[in-house]
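Read through the structure below, which is laid out as C-alpha coordinates, and then see the notes.
Only heavy atoms go into these numbers, but all of them, side chains included; no hydrogens, no water, no symmetry mates. We're numbering straight along the sequence, starting at 1. Start at 1 and go down the list; that is how both ligands and their atoms are numbered. Values in this document were obtained by computation on a predicted structure and should not be read as measured data.
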Amino acid sequence: MNFIAFSVRDDERPYFEKWAQVNNVKVDLHSEEISEDNLDTIKGYDAVIGLQTGTYPLGLFAKMQEYGVKDLSIRNVGVDNIDLAAASQKGVTVTNVPAYSPNAIAEFAVTQLMQMLRQTRTYRRKFAEQDYRWAPYISKELRSMTVGVVGTGRIGRVFIQIVQGFGAKVVAFDPYRNPELEAAGLYVDSLEELFAKADAISLHMPATDQDKHIIGQEALAQMKDGVYLVNTARGSLIDTKALIAALKSGKVAGAALDTYEAETPIFNHDLRNQALTDETFKELISLDNALVTPHIAFYTETAVKNMVEIALDSAKSVLETGQASTIVNA
Ligand code: NAD
Ligand code: COI
(Lines give C-alpha, C1' and ligand atoms only; values in the text may rest on other atoms or scores of the structure.)
(Ligands and ions follow the chains in the order given, each with its own letter.)
Protein backbone atom coordinates (compact mmCIF):
# COMPACT_ATOMS: atom_id res chain seq x y z
CA MET A 1 0.00 0.00 0.00
CA ASN A 2 1.37 3.47 -0.77
CA PHE A 3 -0.09 6.92 -0.43
CA ILE A 4 0.72 10.36 -1.84
CA ALA A 5 -0.03 13.38 0.35
CA PHE A 6 -0.36 16.96 -0.88
CA SER A 7 -0.24 20.40 0.83
CA VAL A 8 1.94 18.94 3.58
CA ARG A 9 3.31 21.55 5.98
CA ASP A 10 6.42 21.07 8.10
CA ASP A 11 4.34 20.86 11.29
CA GLU A 12 2.47 17.87 9.84
CA ARG A 13 5.54 15.88 8.74
CA PRO A 14 6.36 14.20 12.08
CA TYR A 15 2.79 12.86 12.33
CA PHE A 16 2.91 11.51 8.76
CA GLU A 17 6.31 9.94 9.29
CA LYS A 18 5.38 8.27 12.59
CA TRP A 19 2.11 6.91 11.17
CA ALA A 20 3.89 5.54 8.08
CA GLN A 21 6.45 3.79 10.26
CA VAL A 22 3.93 2.31 12.72
CA ASN A 23 1.59 1.14 9.94
CA ASN A 24 4.31 0.07 7.54
CA VAL A 25 2.76 2.09 4.69
CA LYS A 26 4.79 4.23 2.29
CA VAL A 27 3.54 7.83 2.37
CA ASP A 28 5.22 10.31 -0.01
CA LEU A 29 4.88 13.92 1.11
CA HIS A 30 4.50 16.92 -1.20
CA SER A 31 4.23 20.52 -0.03
CA GLU A 32 2.30 21.75 -3.06
CA GLU A 33 -1.48 21.45 -3.48
CA ILE A 34 -2.89 18.94 -5.90
CA SER A 35 -3.58 20.77 -9.17
CA GLU A 36 -3.99 20.23 -12.90
CA ASP A 37 -0.20 20.58 -13.20
CA ASN A 38 0.79 17.69 -10.94
CA LEU A 39 -2.10 15.25 -11.54
CA ASP A 40 0.22 12.71 -13.12
CA THR A 41 2.22 12.34 -9.91
CA ILE A 42 -0.63 10.26 -8.43
CA LYS A 43 0.16 7.38 -10.81
CA GLY A 44 1.22 4.24 -8.95
CA TYR A 45 -0.33 5.20 -5.61
CA ASP A 46 -3.34 3.63 -3.87
CA ALA A 47 -4.62 6.77 -2.14
CA VAL A 48 -4.35 10.55 -2.32
CA ILE A 49 -4.24 12.46 0.99
CA GLY A 50 -5.36 16.06 0.47
CA LEU A 51 -5.98 19.33 2.26
CA GLN A 52 -7.01 22.54 0.53
CA THR A 53 -9.72 25.17 0.69
CA GLY A 54 -9.82 25.76 -3.06
CA THR A 55 -11.46 23.47 -5.58
CA TYR A 56 -9.84 20.13 -6.31
CA PRO A 57 -8.82 19.85 -10.00
CA LEU A 58 -11.63 19.07 -12.41
CA GLY A 59 -9.97 16.02 -13.88
CA LEU A 60 -8.84 14.52 -10.57
CA PHE A 61 -11.34 11.69 -10.30
CA ALA A 62 -11.04 10.66 -13.96
CA LYS A 63 -7.26 10.51 -13.47
CA MET A 64 -7.67 8.52 -10.25
CA GLN A 65 -9.88 6.04 -12.09
CA GLU A 66 -7.42 5.84 -15.00
CA TYR A 67 -4.51 5.11 -12.63
CA GLY A 68 -6.48 2.83 -10.30
CA VAL A 69 -6.15 5.19 -7.30
CA LYS A 70 -9.16 4.20 -5.23
CA ASP A 71 -9.28 6.68 -2.39
CA LEU A 72 -9.11 10.43 -1.66
CA SER A 73 -8.79 11.10 2.07
CA ILE A 74 -8.87 14.76 3.04
CA ARG A 75 -7.41 15.94 6.33
CA ASN A 76 -10.21 18.43 7.08
CA VAL A 77 -13.97 18.67 7.73
CA GLY A 78 -15.49 20.69 4.86
CA VAL A 79 -16.23 18.89 1.59
CA ASP A 80 -17.80 21.90 -0.13
CA ASN A 81 -14.83 22.12 -2.54
CA ILE A 82 -15.13 18.52 -3.76
CA ASP A 83 -17.42 17.18 -6.49
CA LEU A 84 -18.55 14.11 -4.55
CA ALA A 85 -20.90 12.96 -7.33
CA ALA A 86 -17.99 12.94 -9.79
CA ALA A 87 -15.91 10.92 -7.31
CA SER A 88 -18.66 8.32 -6.93
CA GLN A 89 -19.16 8.17 -10.68
CA LYS A 90 -15.48 7.39 -11.15
CA GLY A 91 -15.47 4.79 -8.37
CA VAL A 92 -13.36 6.85 -5.96
CA THR A 93 -14.10 6.75 -2.24
CA VAL A 94 -13.75 10.10 -0.46
CA THR A 95 -13.26 10.43 3.30
CA ASN A 96 -12.95 13.49 5.53
CA VAL A 97 -12.01 14.03 9.18
CA PRO A 98 -15.35 15.04 10.68
CA ALA A 99 -14.11 15.68 14.22
CA TYR A 100 -10.38 16.39 14.52
CA SER A 101 -11.04 18.91 17.26
CA PRO A 102 -14.34 20.82 17.31
CA ASN A 103 -12.90 22.62 20.35
CA ALA A 104 -10.17 24.22 18.25
CA ILE A 105 -12.69 26.03 16.08
CA ALA A 106 -15.21 26.74 18.83
CA GLU A 107 -12.54 28.22 21.13
CA PHE A 108 -11.31 30.42 18.30
CA ALA A 109 -14.84 31.63 17.50
CA VAL A 110 -15.34 32.63 21.15
CA THR A 111 -11.90 34.27 21.25
CA GLN A 112 -12.78 36.42 18.25
CA LEU A 113 -16.21 37.30 19.64
CA MET A 114 -14.58 38.44 22.89
CA GLN A 115 -11.95 40.44 21.01
CA MET A 116 -14.70 42.26 19.13
CA LEU A 117 -16.64 42.99 22.30
CA ARG A 118 -13.51 44.35 24.03
CA GLN A 119 -12.52 46.23 20.85
CA THR A 120 -8.94 44.99 21.04
CA ARG A 121 -8.23 45.87 17.42
CA THR A 122 -9.09 49.51 18.04
CA TYR A 123 -7.08 49.60 21.28
CA ARG A 124 -4.06 48.05 19.57
CA ARG A 125 -4.19 50.70 16.84
CA LYS A 126 -4.57 53.49 19.42
CA PHE A 127 -1.76 52.00 21.51
CA ALA A 128 0.59 52.05 18.51
CA GLU A 129 -0.23 55.76 18.16
CA GLN A 130 0.56 56.29 21.91
CA ASP A 131 -3.09 57.11 22.54
CA TYR A 132 -3.71 55.33 25.84
CA ARG A 133 -7.14 56.78 26.65
CA TRP A 134 -10.09 54.51 27.55
CA ALA A 135 -13.14 56.35 26.21
CA PRO A 136 -15.25 55.98 24.19
CA TYR A 137 -14.65 52.29 23.43
CA ILE A 138 -16.69 50.80 26.25
CA SER A 139 -17.57 47.08 26.05
CA LYS A 140 -20.52 44.82 26.52
CA GLU A 141 -20.29 41.69 28.66
CA LEU A 142 -21.17 38.32 27.19
CA ARG A 143 -23.46 37.48 30.13
CA SER A 144 -25.68 40.40 29.15
CA MET A 145 -26.08 39.12 25.60
CA THR A 146 -28.12 36.64 23.60
CA VAL A 147 -25.88 34.65 21.27
CA GLY A 148 -27.40 33.08 18.15
CA VAL A 149 -25.81 29.86 16.91
CA VAL A 150 -26.50 28.78 13.33
CA GLY A 151 -25.70 25.07 13.03
CA THR A 152 -25.56 22.95 16.18
CA GLY A 153 -23.28 20.15 14.95
CA ARG A 154 -19.95 19.27 16.51
CA ILE A 155 -18.45 22.77 16.53
CA GLY A 156 -21.68 24.67 17.24
CA ARG A 157 -22.37 22.55 20.32
CA VAL A 158 -18.92 23.19 21.84
CA PHE A 159 -19.32 26.89 21.05
CA ILE A 160 -22.64 26.86 22.92
CA GLN A 161 -21.08 25.23 26.01
CA ILE A 162 -18.31 27.84 26.11
CA VAL A 163 -20.52 30.91 25.75
CA GLN A 164 -22.97 29.49 28.26
CA GLY A 165 -19.98 29.23 30.62
CA PHE A 166 -19.60 32.99 30.25
CA GLY A 167 -23.27 33.37 31.18
CA ALA A 168 -24.65 34.19 27.72
CA LYS A 169 -28.21 33.25 26.76
CA VAL A 170 -28.20 31.07 23.63
CA VAL A 171 -30.70 30.75 20.80
CA ALA A 172 -29.98 28.23 18.08
CA PHE A 173 -31.18 27.23 14.63
CA ASP A 174 -30.55 23.96 12.84
CA PRO A 175 -32.89 22.02 10.53
CA TYR A 176 -31.73 18.86 12.37
CA ARG A 177 -32.19 19.41 16.07
CA ASN A 178 -29.96 17.96 18.76
CA PRO A 179 -32.16 16.27 21.41
CA GLU A 180 -30.26 17.72 24.40
CA LEU A 181 -30.38 21.26 23.07
CA GLU A 182 -34.03 20.73 22.16
CA ALA A 183 -34.78 19.61 25.73
CA ALA A 184 -32.97 22.72 27.00
CA GLY A 185 -35.29 24.84 24.85
CA LEU A 186 -32.52 26.53 22.87
CA TYR A 187 -33.99 26.23 19.38
CA VAL A 188 -35.94 28.85 17.50
CA ASP A 189 -38.05 27.88 14.49
CA SER A 190 -36.41 29.98 11.81
CA LEU A 191 -33.32 31.96 10.98
CA GLU A 192 -35.49 35.10 10.94
CA GLU A 193 -36.41 34.47 14.58
CA LEU A 194 -32.75 33.96 15.49
CA PHE A 195 -31.76 37.15 13.66
CA ALA A 196 -34.43 39.11 15.54
CA LYS A 197 -33.33 37.81 18.97
CA ALA A 198 -29.53 37.61 18.81
CA ASP A 199 -27.05 40.29 19.89
CA ALA A 200 -24.24 38.19 18.38
CA ILE A 201 -24.44 35.44 15.76
CA SER A 202 -21.92 32.67 15.10
CA LEU A 203 -22.08 30.49 11.97
CA HIS A 204 -21.32 26.77 12.33
CA MET A 205 -23.06 25.23 9.32
CA PRO A 206 -21.52 23.72 6.19
CA ALA A 207 -21.47 25.61 2.89
CA THR A 208 -23.68 24.34 0.08
CA ASP A 209 -24.80 25.92 -3.20
CA GLN A 210 -28.22 26.59 -1.65
CA ASP A 211 -26.73 28.51 1.28
CA LYS A 212 -24.49 30.84 -0.72
CA HIS A 213 -24.82 34.37 0.71
CA ILE A 214 -27.34 33.24 3.32
CA ILE A 215 -26.11 36.31 5.19
CA GLY A 216 -26.83 39.03 2.64
CA GLN A 217 -28.60 42.38 2.59
CA GLU A 218 -32.00 40.89 3.50
CA ALA A 219 -30.72 38.79 6.40
CA LEU A 220 -28.63 41.66 7.73
CA ALA A 221 -31.71 43.92 7.72
CA GLN A 222 -33.53 41.35 9.89
CA MET A 223 -30.78 41.45 12.54
CA LYS A 224 -30.64 43.74 15.57
CA ASP A 225 -28.88 47.07 15.14
CA GLY A 226 -25.31 46.72 16.44
CA VAL A 227 -25.21 42.94 16.05
CA TYR A 228 -21.85 41.08 16.11
CA LEU A 229 -21.13 38.34 13.55
CA VAL A 230 -18.62 35.50 13.73
CA ASN A 231 -17.89 33.29 10.72
CA THR A 232 -15.49 30.38 11.19
CA ALA A 233 -17.58 28.21 8.83
CA ARG A 234 -17.20 29.15 5.16
CA GLY A 235 -16.78 32.46 3.37
CA SER A 236 -19.47 31.76 0.78
CA LEU A 237 -22.15 31.99 3.48
CA ILE A 238 -21.68 35.76 3.66
CA ASP A 239 -22.18 38.37 0.93
CA THR A 240 -19.02 40.33 1.74
CA LYS A 241 -20.08 43.52 -0.06
CA ALA A 242 -23.38 43.62 1.87
CA LEU A 243 -21.48 42.99 5.11
CA ILE A 244 -19.00 45.81 4.41
CA ALA A 245 -21.93 48.22 3.92
CA ALA A 246 -23.46 47.02 7.21
CA LEU A 247 -20.13 47.39 9.06
CA LYS A 248 -19.74 50.92 7.72
CA SER A 249 -23.27 51.95 8.67
CA GLY A 250 -22.95 50.43 12.17
CA LYS A 251 -25.86 48.04 11.54
CA VAL A 252 -23.25 45.38 12.26
CA ALA A 253 -21.05 46.48 15.17
CA GLY A 254 -18.32 43.98 14.38
CA ALA A 255 -17.59 40.96 12.24
CA ALA A 256 -14.95 38.34 13.00
CA LEU A 257 -14.24 36.42 9.82
CA ASP A 258 -11.90 33.44 9.68
CA THR A 259 -13.13 32.63 6.20
CA TYR A 260 -13.68 34.83 3.18
CA GLU A 261 -15.55 33.97 0.00
CA ALA A 262 -12.52 34.63 -2.24
CA GLU A 263 -9.88 33.45 0.24
CA THR A 264 -8.15 30.75 -1.81
CA PRO A 265 -5.51 32.95 -3.52
CA ILE A 266 -4.92 34.91 -0.29
CA PHE A 267 -5.08 32.82 2.87
CA ASN A 268 -2.14 30.56 3.72
CA HIS A 269 0.01 32.35 1.13
CA ASP A 270 3.02 34.59 1.73
CA LEU A 271 1.97 37.81 -0.01
CA ARG A 272 4.52 40.05 1.72
CA ASN A 273 5.75 42.80 -0.57
CA GLN A 274 2.96 42.12 -3.04
CA ALA A 275 0.08 44.47 -3.76
CA LEU A 276 -3.30 43.01 -2.88
CA THR A 277 -5.51 42.99 -5.96
CA ASP A 278 -8.83 41.99 -4.36
CA GLU A 279 -10.49 45.37 -3.77
CA THR A 280 -13.32 43.92 -1.65
CA PHE A 281 -10.81 42.19 0.63
CA LYS A 282 -8.76 45.39 0.90
CA GLU A 283 -11.82 47.36 1.91
CA LEU A 284 -12.90 44.71 4.40
CA ILE A 285 -9.57 44.51 6.21
CA SER A 286 -9.27 48.30 6.37
CA LEU A 287 -12.28 48.47 8.69
CA ASP A 288 -11.62 48.75 12.44
CA ASN A 289 -14.69 46.65 13.18
CA ALA A 290 -13.70 43.74 10.91
CA LEU A 291 -11.48 41.18 12.59
CA VAL A 292 -10.21 39.05 9.72
CA THR A 293 -7.99 35.99 10.20
CA PRO A 294 -6.57 33.68 7.48
CA HIS A 295 -8.58 30.48 8.16
CA ILE A 296 -6.68 29.53 11.30
CA ALA A 297 -9.48 28.42 13.63
CA PHE A 298 -8.48 24.78 13.11
CA TYR A 299 -4.77 25.33 13.68
CA THR A 300 -3.89 23.71 17.01
CA GLU A 301 -1.48 20.91 17.85
CA THR A 302 -4.29 18.54 18.80
CA ALA A 303 -6.20 19.24 15.61
CA VAL A 304 -3.22 18.84 13.27
CA LYS A 305 -2.19 15.50 14.80
CA ASN A 306 -5.76 14.18 14.49
CA MET A 307 -6.19 15.52 10.95
CA VAL A 308 -3.16 13.61 9.72
CA GLU A 309 -3.73 10.39 11.66
CA ILE A 310 -7.47 10.08 11.05
CA ALA A 311 -7.11 10.81 7.31
CA LEU A 312 -4.40 8.14 6.99
CA ASP A 313 -6.39 5.64 9.09
CA SER A 314 -9.40 6.29 6.83
CA ALA A 315 -7.45 5.69 3.62
CA LYS A 316 -5.98 2.47 5.01
CA SER A 317 -9.38 1.25 6.15
CA VAL A 318 -10.99 2.00 2.77
CA LEU A 319 -8.26 0.14 0.91
CA GLU A 320 -8.24 -2.85 3.25
CA THR A 321 -11.95 -3.26 3.90
CA GLY A 322 -13.85 -0.92 1.54
CA GLN A 323 -15.28 0.68 4.69
CA ALA A 324 -14.54 3.66 6.95
CA SER A 325 -16.76 5.65 9.29
CA THR A 326 -15.53 8.82 7.56
CA ILE A 327 -16.73 8.11 4.01
CA VAL A 328 -18.61 11.13 2.61
CA ASN A 329 -19.72 9.88 -0.81
CA ALA A 330 -22.07 7.05 -1.68
P1 NAD B 1 -21.26 19.29 11.58
O2 NAD B 1 -21.64 18.56 10.36
O3 NAD B 1 -20.97 18.53 12.82
O4 NAD B 1 -22.41 20.37 11.92
C5 NAD B 1 -23.00 21.20 10.97
C6 NAD B 1 -24.43 21.47 11.41
O7 NAD B 1 -24.97 22.45 10.55
C8 NAD B 1 -25.32 20.24 11.34
O9 NAD B 1 -25.96 20.03 12.59
C10 NAD B 1 -26.32 20.59 10.25
O11 NAD B 1 -27.60 20.03 10.47
C12 NAD B 1 -26.34 22.10 10.35
N13 NAD B 1 -26.87 22.79 9.18
C14 NAD B 1 -26.85 22.39 7.89
N15 NAD B 1 -27.49 23.30 7.13
C16 NAD B 1 -27.93 24.27 7.96
C17 NAD B 1 -28.65 25.48 7.77
N18 NAD B 1 -29.06 25.86 6.55
N19 NAD B 1 -28.92 26.25 8.84
C20 NAD B 1 -28.50 25.88 10.09
N21 NAD B 1 -27.81 24.75 10.32
C22 NAD B 1 -27.52 23.96 9.28
O23 NAD B 1 -20.03 20.21 11.18
P24 NAD B 1 -19.00 20.92 12.16
O25 NAD B 1 -17.89 20.00 12.45
O26 NAD B 1 -19.73 21.56 13.27
O27 NAD B 1 -18.39 22.03 11.17
C28 NAD B 1 -19.18 23.08 10.67
C29 NAD B 1 -18.43 23.80 9.58
O30 NAD B 1 -17.30 24.47 10.12
C31 NAD B 1 -17.79 22.87 8.53
O32 NAD B 1 -18.71 22.47 7.54
C33 NAD B 1 -16.70 23.71 7.96
O34 NAD B 1 -17.21 24.45 6.88
C35 NAD B 1 -16.35 24.68 9.08
N36 NAD B 1 -15.00 24.47 9.62
C37 NAD B 1 -14.15 25.52 9.66
C38 NAD B 1 -12.88 25.38 10.18
C39 NAD B 1 -11.91 26.52 10.28
O40 NAD B 1 -10.71 26.30 10.50
N41 NAD B 1 -12.34 27.77 10.13
C42 NAD B 1 -12.48 24.14 10.66
C43 NAD B 1 -13.37 23.08 10.62
C44 NAD B 1 -14.64 23.25 10.10
C1 COI C 1 -12.04 22.33 7.68
O2 COI C 1 -11.58 21.41 8.36
O3 COI C 1 -13.10 22.21 7.02
C4 COI C 1 -11.35 23.61 7.64
O5 COI C 1 -11.96 24.60 7.32
C6 COI C 1 -9.90 23.65 7.96
C7 COI C 1 -9.02 24.00 6.78
C8 COI C 1 -7.59 23.65 7.07
C9 COI C 1 -9.46 23.41 5.47
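- Residues R177 and D189 are paired through a salt bridge, judged by an N-O separation under 4.0 Å between the basic side chain and the carboxylate.
- A donor-acceptor contact closer than 3.5 angstrom links the side chains of N329 and S88.
- Atom CD of Q21 has 12 or fewer heavy atoms from other residues, nucleotides or ligands within 6.0 Å.
- With 3.5 Å as the limit, one finds no donor-acceptor pair spanning the side chains of N178 and Y187.
- When the options T259, V150, T232 are evaluated for a side chain to side chain contact (heavy atoms under 4.5 Å, CB included) with L203, the one that passes is V150.
- Between atom 9 (C) of ligand 2 and the options I105, N76, T259, the minimum heavy-atom separation is to N76.
- Nearest heavy-atom pair, M205 versus A233, reported as atom, atom and distance to 0.1 Å: O-CB, 3.4 Å.
- Set against the non-hydrogen atoms of R234, the atoms of ligand 2 under 4.0 Å away are 1 (C), 3 (O), 4 (C), 5 (O).
- Of the heavy atoms in Q52, none comes closer than 4.0 Å to ligand 2.
- Residue-level contacts of ligand 1 at the 4.0 Å heavy-atom threshold are V77, P98, Y100, I105, V150, G151, T152, G153, R154, I155, F173, D174, P175, Y176, H204, M205, P206, D211, T232, A233, R234, D258, H295, A297, F298.
- Checked by distance only, ligand 2 and H295 come closer than 3.5 Å through their nitrogen or oxygen atoms.
- Close approach to V77 involves these atoms of ligand 2, each under 4.0 Å from a residue heavy atom: 1 (C), 2 (O), 3 (O).
- With salt bridges taken as basic N to acidic carboxylate O contacts below 4.0 Å, none links E301 and K305.
- Close approach to G78 involves these atoms of ligand 2, each under 4.0 Å from a residue heavy atom: 1 (C), 3 (O).
- Closest heavy-atom contact between F16 and V27: CD2-CG1, 3.9 Å.
- For the ligand labelled ligand 2, residue Y100 lies inside the 4.0 Å heavy-atom shell.
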